[in-house]
Amino acid sequence: MRKLIILAGAALGLLFASCTKEEQRTLSVIPAPLKVELQQGVFPLNPETGLYIDASEGDKKILKDYLAASFMKLKPVAAEEGHTIVLKQVAQLPEVNSSEGYVLTVTPDQVLIRATSGAGLFYGVQTMLQMADEKGLPVGIITDEPRFAYRGFMMDVSRHFFNKEFIKKQMDALAYYKLNRLHLHLTDAAGWRIEIKKYPRLTEFAAWREFPTWKEWWNNGRRYEEEGSKDAHGGYYTQDDIRELVAYAQERFITVIPEIEMPAHSEEVLTAYPELSCTHEPYKQADFCVGNEKTFEFLENVLTEVMELFPSEYIHIGGDEAGKASWPTCKLCQARMKKEGLKDVNELQSYLIHRIEVFLNAHGRKLLGWDEILEGGLAPNATVMSWRGTEGGMKAVDSGHMAIMSPGEFCYFDFYQDAPDSQPEAIGGYLPLAKVYSFNPVPDTLSADKVQLVYGVQANLFTEYIPTPEHAEMMIYPRILALAEVAWSDPSVKNYDDFHARALKEVEALKAEGYHPFDLKNEIGNRPGADQPIQHLAVGKKVTYGPDAAYYPGYSAGGDSALVDGVIGGWTYGDKRWQGFIDKKRMDVTIDMEKETEIHSVGADFMQVCGPEVFMPSEVIISVSNDGKEFTELKRMEHKVVKDDKVTFTNFGWEGNAKARYIRYQASSGEFGGFLFTDEIVVK
């Protein structure tokens, strides 16, 4: 990065000025290096400091230009003599195992960075720049290499379009924190964002919509507009824009991976070219017609142009959330299934994935897709990006495929990062900095021979609720710093308290550089009560669920004992502490207190997040009994469920005096249906 390099050095640099030999000196470097050996002394920076680069011509130019734009105004010299910073590409470097690794050695007279590749030298430069302060560079040796080869970030530019200058700005930061993949989510229902010469309607029409924000568009007919019309909002990257972005990325050792969605999330394509859908009608379909040969002609033509623009090893094809609604009745799809001997629509989706993979492989590329590409059988050479937890990744690894871990619980930066009422509207969830940092992409149960198949980790920023560059940066930073350390640093050198201190400083540097990070120093934290167990009369008691009122298996929160385990839920139902109900009668539970008990209050919290259809109950009934058969109603509460844009929490409870052995708590849904979520029935 440009000015940030100065700030990282001047404001965030080595804490060593007044250290004695007995004091532990530390580096404020993100991500944390593998091995740091600091000594007394400094390599001072001055106008006479030289720069000597011994590397391939291409890498030499990249490194020279990059350092020329930094605060280190170094004098190119012809030999590694005198007061010089030396970048040296070597054939072998026994100290590290990765080509992206480096050894940085600082003496009072010389700085030497050694690596076997230009990327390794570049990452050594990032560490050097972060180490520097107004005194210079501390003497010592840093030996460092990444934990994972794939260290990625995905930017959704479909839901809201972000121009190429914004993308470049984020690349500067990604490179600075040693991330090396930028995945661009270029196509989705909200807008097609890349020029394809063979299909001009994709950018003349499918790249533009009626409303500036995704939410307005989604809730008001989801119509597209002609480019240049007064109501058109959106945009796209020309092919020249893409070439410029790819070149900019290459100068920072970043690979840009394009995503072209198929077979689903394609409403914009199927409205511009309705003949590719099962019904041939615009505004009707989200999934390509897999039985239609014209679908494959279109996809292959698009991918041909995409591959000409992106030299990346991988082409991401989405593959997620296909509704498959028309495939069972579409004559062409059914004919395809019969001809190919496919038993169901999952295998039909797999047919498309396999066929596209063959096409990509024939052009020297590999297929990458979300974990739904596992359904119906995984394409032979595909790599899985696991977003629905890590299970998809583990399934891929178990079958010998590469996997990139990107589970929503740890890697979806569109979730709230602090108390929802303190943040702009988000899609839901709660993913604070500490949770990102806690992610371990390699489960402890994975055998040693499978570990190498975990290719890496990626954070994702989907932008349904993120309409501006400033908002996007607030969601990215500082969480991407935590992801960078997860992706690069060995677990043995990770420490959250130390990282948090470094992140606080880095946030200030990002602000000074013109980024808009979340203000970490004012973080509120998790929902009150969520961090400590609570005690009440029903803890550990037996809970019985009524007929048609069982909890949803995916949101069990620990099973039958979850509502009396003394654990309060946090800001999101995804934290495995909230129990979800979607059955016909929603929630109907009875707690056996084991003996007649004096009771003064019974209550439970519910949450509402309208986007994912989580609503408050419309009615709650609290009753008691001594025989478990005949119940006396203590309180009936009616509640008008109103849709809003907030994440809200409400307690529905009773207070008074009663004696009973059994307590029954019933909650039902209103006109909007959806899930009910509660965390604990508290009895006092």
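- The pair K505-E508 does not meet the salt-bridge criterion, since no charged nitrogen lies less than 4.0 angstrom from a carboxylate oxygen.
- F649 and W578 have tilted rings, their planes meeting at an angle from 30° to 60° on a 0 to 90° scale.
- For F606 and F652, the ring centers are positioned less than 6.0 Å apart.
- Relative to the six-membered ring of Y465, K215 misses at least one condition, a distance below 6.0 Å or an angle of at most 45° to the axis.
- Between W214 and W218, the angle of the ring planes stays under 30°, which puts this pair in the parallel group of the 30/60° scheme.
- Under a 3.5 Å cut-off, the side chain of N657 and the backbone N or O of H600 do not form any donor-acceptor pair.
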Next item on the list: Starting from the C-alpha separation in whole Å, work towards a yes-or-no answer on salt bridge (Lys or Arg N to Asp or Glu O under 4.0 Å) for E596 and R661.
Entry: CA-CA 4 Å; E596 186 178 71; R661 173 175 173 174; over 6 Å; no
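- Ion pairing between K646 and E425 fails under the 4.0 Å rule for side-chain N and carboxylate O.
- Cation-pi geometry between K435 and F410 is satisfied (NZ or CZ under 6.0 Å from the ring centre, within 45° of the ring normal).
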Next item on the list: With ring pair (Phe, Tyr, Trp, His ring centres under 6.0 Å) as the test, would you mind laying out the steps for Y430 and F415 before giving the verdict?
Entry: CA-CA 5 Å; Y430 173 56; F415 290 178; 9.7 Å; no
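- Judged by the 6.0 Å distance and 45° axis criteria, R193 is not positioned over the aromatic ring of F161.
- Residues D588 and R586 are not paired through a salt bridge, judged by the lack of any N-O separation under 4.0 Å between the basic side chain and the carboxylate.
- F675 has its ring centre less than 6.0 Å from the ring centre of F677.
- Under the 4.0 Å criterion applied to side-chain N and carboxylate O atoms, R636 and E633 are assigned as salt-bridge partners.
- Ion pairing of R527 with D605 is present here, as a side-chain N (NZ or NE/NH1/NH2) and a carboxylate O approach within less than 4.0 Å.
- Applying the salt bridge (charged side-chain N to carboxylate O under 4.0 Å, His left out) rule to pairs touching residues 556-574 yields nothing, sequence neighbours excluded.
- With F499 as the aromatic partner, K494 does not meet the cation-pi criteria of under 6.0 angstrom to the ring centre and within 45 degrees of the ring axis.
- No side-chain donor-acceptor contact under 3.5 Å links T590 to the backbone of R664.
- With a 4.5 Å cut-off on side-chain heavy atoms, H183 and L368 do not count as touching.
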Margin query: side-chain hydrogen bond (donor to acceptor under 3.5 Å, both in side chains) for E225 and H233? Distances and angles first, verdict last.
Written below: CA-CA 8 Å; E225 293 285 340; H233 300 274; over 6 Å; no
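- One finds a salt bridge joining R159 and E464 here, because a Lys/Arg side-chain nitrogen approaches an Asp/Glu carboxylate oxygen to under 4.0 Å.
- The aromatic ring centres of F581 and Y552 sit 6.0 Å or more apart.
- Judged by a 6.0 Å distance limit and a 45° cone about the ring axis, R209 is not positioned over the six-membered ring of Y224.
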Next item on the list: Tell me, with the steps shown, if E473 and Q170 meet side-chain hydrogen bond (donor to acceptor under 3.5 Å, both in side chains).
Entry: CA-CA 9 Å; E473 289 182 349; Q170 308 322 309; 3.0 Å; yes
